[in-house]
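A short worksheet on the structure shown next.
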Amino acid sequence: MIRAIFGGTFDPIHNGHLKTAAALVKELDISTLALMPSAVPPHRPQPDASPEQRLDMVKLASQKNPAFTVEDWELRQDRPSFTANTLSEFKTQSPDDTLLFVMGMDSLMSLHHWHQWHQLIEYAHLVVMPRAGVPFNPQDDELKAFISAHMTRDRNALNEQRQGLLYIAETPMVDVSATELRNQLQKREKNLPLPSNVYDYIRQHQLYL
């Protein structure tokens, strides 16, 4: 069984996340994609919204696509969300599953700063979605060697072995920045790239003001 997980801060989840995730489901012909908010991202500033609020927004955003599910595993752990630990735990729970860990190009370009980043590939395939404004141009020599050693352009290979590959998806680049989106919400701008139920939730709970 293939288990695909899209991890992120989702502060807030927006149409850019959802459109690219929906395209990935079609590209890889996967039945479900679990959206997994991180609880305490150790490699970046802390989220503005609480873990519970971000989980609520992900649940709301996933309602309109039957391929989306919500994974709250990291939010239930009383420790920082190191992806290597999360994938290791998932692999231990379901050793016969093939894990796909989905990230954005910005995450790949900074992967060498992550905790035990070399180990990610021991538990899962890494699936990377292009992102507007973030070229595929690794600067770190160790990261370059890692990408070169593991990258495949054959999507079928993700089904043929359990872990160890890095695949660059052909999903569209949707130019939405969560940082800019939070600034727009602070200014109470309208017609933002958010699902309507997520926008209503943000207004109801007065987030990002």
Side-chain angles (χ1 to χ4, degrees), residues 3-22 24-25 30 32-63 65 68-94 97 99-131 134 143 163 166 169 171 174 176-182 185 194-195 198 201-202 205 207-208:
R3 184 177 181 185
I5 303 156
F6 181 12
T9 311
F10 300 130
D11 187 33
I13 191 166
H14 52 66
N15 290 348
H17 295 128
L18 300 172
K19 289 181 179 179
T20 53
L24 185 69
V25 167
I30 51 182
T32 58
L33 176 63
L35 307 177
M36 183 177 69
S38 54
V40 185
H43 60 283
R44 59 184 299 168
Q46 297 306 293
D48 289 343
S50 72
E52 295 76 17
Q53 289 168 332
R54 291 184 292 113
L55 180 62
D56 285 344
M57 289 187 282
V58 170
K59 287 179 177 177
L60 290 169
S62 64
Q63 288 177 353
N65 191 323
F68 293 163
T69 61
V70 180
E71 174 58 72
D72 67 350
W73 190 88
E74 287 197 345
L75 298 185
R76 291 186 279 108
Q77 312 308 307
D78 188 20
R79 64 183 187 223
S81 299
F82 292 116
T83 302
N85 294 345
T86 299
L87 296 181
S88 174
E89 181 67 25
F90 287 172
K91 195 66 175 176
T92 299
Q93 291 174 359
S94 306
D97 287 355
L99 295 178
L100 306 181
F101 184 73
V102 181
M103 63 175 71
M105 183 62 72
D106 53 327
S107 293
L108 178 61
M109 292 300 98
S110 62
L111 192 67
H112 54 293
H113 296 301
W114 289 28
H115 175 70
Q116 297 179 343
W117 62 281
H118 280 105
Q119 295 185 14
L120 300 177
I121 210 80
E122 297 175 12
Y123 312 121
H125 298 310
L126 304 184
V127 176
V128 183
M129 297 191 294
R131 181 172 176 181
V134 183
L143 179 60
Q163 66 272 331
L166 188 155
T171 51
V174 182
V176 180
S177 161
T179 301
E180 179 59 27
L181 185 52
R182 290 193 295 272
L185 287 164
L194 289 164
V198 172
Y201 181 93
I202 290 171
H205 293 270
L207 299 179
Y208 311 115

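Source: prediction; values computed, not measured. Hydrogens, waters and symmetry mates are skipped; everything else that's a heavy atom, side chains included, is used.
Contact of the Thr86 side chain with the Met36 side chain is registered, since non-hydrogen atoms from C-beta on lie closer than 4.5 Å. Using a 4.5 Å heavy-atom threshold, the side chains of Leu120 and Phe101 count as separate. Looking only at side-chain heavy atoms (C-beta outward), Thr171 and Pro130 come within less than 4.5 Å of each other. Two residues are said to be in side-chain contact when any heavy atoms from C-beta on lie closer than 4.5 Å; Leu194 and Leu181 meet this criterion. Under the 4.5 Å side-chain criterion, counting only non-hydrogen atoms from C-beta, Trp73 is in contact with Gln93. Residues Thr9 and Arg54 have side chains in contact (heavy-atom distance under 4.5 Å, counting atoms from C-beta outward). Within the 4.5 Å cutoff, no side-chain heavy atoms of Val127 are placed close to those of Phe6. Taking 4.5 Å as the limit, every side-chain heavy atom of Leu108 sits out of range of all side-chain heavy atoms of Leu126.
Closest heavy-atom contact between Ala4 and Ile30: CB-CD1, 3.7 Å. Here the closest non-hydrogen pair linking Val134 and Met105 is O-CG, 3.5 Å. Closest of all the heavy-atom pairs between Gln163 and Glu122 is CG-O, 3.3 Å. Across Tyr208 and Pro12, no two heavy atoms sit closer than the pair OH-N, 3.3 Å.
Counting only distance, with no hydrogens or angles, the side chain of Glu180 and the backbone of Val176 share no donor-acceptor pair below 3.5 Å. A donor-acceptor pair under 3.5 Å is formed between the side chain of Lys91 and the backbone N or O of Asp97. Between the Asp48 side chain and the Asp11 main chain, no donor and acceptor come within less than 3.5 Å of each other. Put simply, the side chain of His14 gets close to the backbone of Gly16: a donor and an acceptor are under 3.5 Å apart. Of the possible polar contacts, one joining the Thr92 side chain to the Ser88 backbone as a donor-acceptor pair under 3.5 Å is found.
Atoms CG and CD1, from Leu87 and Ile5 in turn, are 6.0 Å apart once rounded to the nearest 0.5 Å. Once rounded to the nearest 0.5 Å, the distance linking OG1 of Thr69 with NZ of Lys59 reads 12.0 Å. For the atom pair CD of Gln116 and OH of Tyr123, the computed distance is 7.0 Å after rounding to the nearest 0.5 Å. Note that CG of Leu75 is 7.5 Å distant from CD of Glu52, once rounded to the nearest 0.5 Å. Here CG of Leu55 is found 10.5 Å from CG of Leu35. Values are rounded to the nearest 0.5 Å. One finds the CG atom of Asp106 at 10.0 Å from the CE atom of Met129 (value rounded to the nearest 0.5 Å).
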Take Leu111 and Met103, measure what side-chain contact (heavy atoms from CB on, under 4.5 Å) needs, and give me the verdict at the end.
CA-CA 10 Å; Leu111 192 67; Met103 63 175 71; 4.0 Å; yes
Set out, in order, the CA-CA distance, both residues' side-chain angles and the distance that settles side-chain contact (heavy atoms from CB on, under 4.5 Å) for Leu18 and Phe68, then state yes or no.
CA-CA 9 Å; Leu18 300 172; Phe68 293 163; 3.9 Å; yes
Could you go step by step and tell me if Met109 and Arg131 meet the side-chain contact (heavy atoms from CB on, under 4.5 Å) rule?
CA-CA 11 Å; Met109 292 300 98; Arg131 181 172 176 181; over 6 Å; no
